[in-house]
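Take a look at the structure below.
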Amino acid sequence: KSTFRMATEYYSIALIALSLNILQPVIGDCRDGWTKFQGSCYLFASEQANWPEAQAVCSSMNSHLVEIETQTENAFVEGELKIIHNHDSHSNNQNDVSYWLGGNDIEIEGVFKWVRSDQPLTYTDWSPGQPDDANGEDCMELRGAFQYHWNDLPCNIPHHFICETQASEGVNVIGK
Ligand SMILES: [Ca+2]
Ligand SMILES: [Ca+2]
């Protein structure tokens, strides 16, 4: 990679992080703009980035791309996205709802894992027929057009993304 390209990427990540209000004060257990659920804080990013950039943006905010371990957590995430995107509105295009999750099968093709925790998937909500690696698809997303189920997708496509961090970590972020 050229130095210029690396600098450009760093700049864009910093810009996204700033636009996500990382300097907001902590209110309660989660930073402003983050949603608390069962011990975690979640950020549903309206910005878009490819998978590695999205993970870097989350990391810059002491978080990681969301890792969904249970049906309960999956239902929470799905419910939040349906609220954000006004699921019941006929005018809304569910094709716009595409959010990176924290898993991929880059290490071993066909074996998806949660990258940050390096754990196998204990719970899955794949859309029927997915993952299909249709076009070299190694990164996991949650897709509105697939009835809010999971799909694998090429990692270099810009999408929305969801960051997750422990609620207790969130409290200590500012002033570290
Ligand atoms: Ca989780
Ligand atoms: Ca796919």
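In this text, all values refer to a predicted model and were calculated from it rather than measured experimentally.
- Residues satisfying the ring pair (Phe, Tyr, Trp, His ring centres under 6.0 Å) test with His149, not counting sequence neighbours, are none.
- The structure places CZ of Arg143 at 10.5 Å from CG of Asp152, a figure rounded to the nearest 0.5 Å.
- Not a single donor-acceptor pair under 3.5 Å links the side chain of Ser127 to the backbone N or O of Gln130.
- A heavy-atom distance below 4.5 Å is not found between the side chains of Gln119 and Glu67.
- In the model, Trp150 has a side-chain atom that pairs as donor or acceptor with a side-chain atom of Asn74 under 3.5 Å.
- In this structure, the side chains of Ile68 and Trp114 come closer than 4.5 Å at one or more pairs of heavy atoms.
- Checked against ring pair (Phe, Tyr, Trp, His ring centres under 6.0 Å), Phe146 has no partners two or more places apart in sequence or in another chain.
- Although no hydrogens or angles enter the test, the distance criterion places no donor-acceptor pair under 3.5 Å between the side chain of Ser63 and the main chain of Cys163.
- Judged by the 6.0 Å distance and 45° axis criteria, Lys36 is not positioned over the aromatic ring of Tyr42.
- Looking at Thr165, its side chain does come within 3.5 Å of a backbone N or O of Asn62 through a donor-acceptor pair.
- Between Glu80 and Thr35 there is a side-chain heavy-atom pair separated by less than 4.5 Å.
- Proximity of a side-chain donor or acceptor of His160 to a complementary backbone N or O of Ser46 within less than 3.5 Å is detected.
- Judged by distance alone, with hydrogens and angles left aside, the side-chain atoms of Asp105 form a donor-acceptor pair with the main-chain N or O of Gly110 at under 3.5 Å.
- Not one N or O on the side chain of Asp138 forms a donor-acceptor pair closer than 3.5 Å with the backbone of Cys155.
- Of the possible donor and acceptor atoms, none in the side chain of Arg116 sits under 3.5 Å from a partner among the backbone N and O of Ser59.
- For Glu137, there are no salt bridge (Lys or Arg N to Asp or Glu O under 4.0 Å) partners, not counting sequence neighbours.
- Exactly one of Leu101, Leu121, Thr124, Ile106 qualifies for a side chain to side chain contact (heavy atoms under 4.5 Å, CB included) with Phe112. That residue is Leu121.
- Using a cutoff of 4.0 Å between basic side-chain nitrogens and carboxylate oxygens, Lys113 and Glu107 are scored as salt-bridged.
- The backbone N or O of Glu69 sits less than 3.5 Å from a side-chain atom of Thr122, completing a donor-acceptor pair.
- Residues Phe161 and Leu43 are not in side-chain contact: their nearest non-hydrogen atoms beyond the backbone lie 4.5 Å or more apart.
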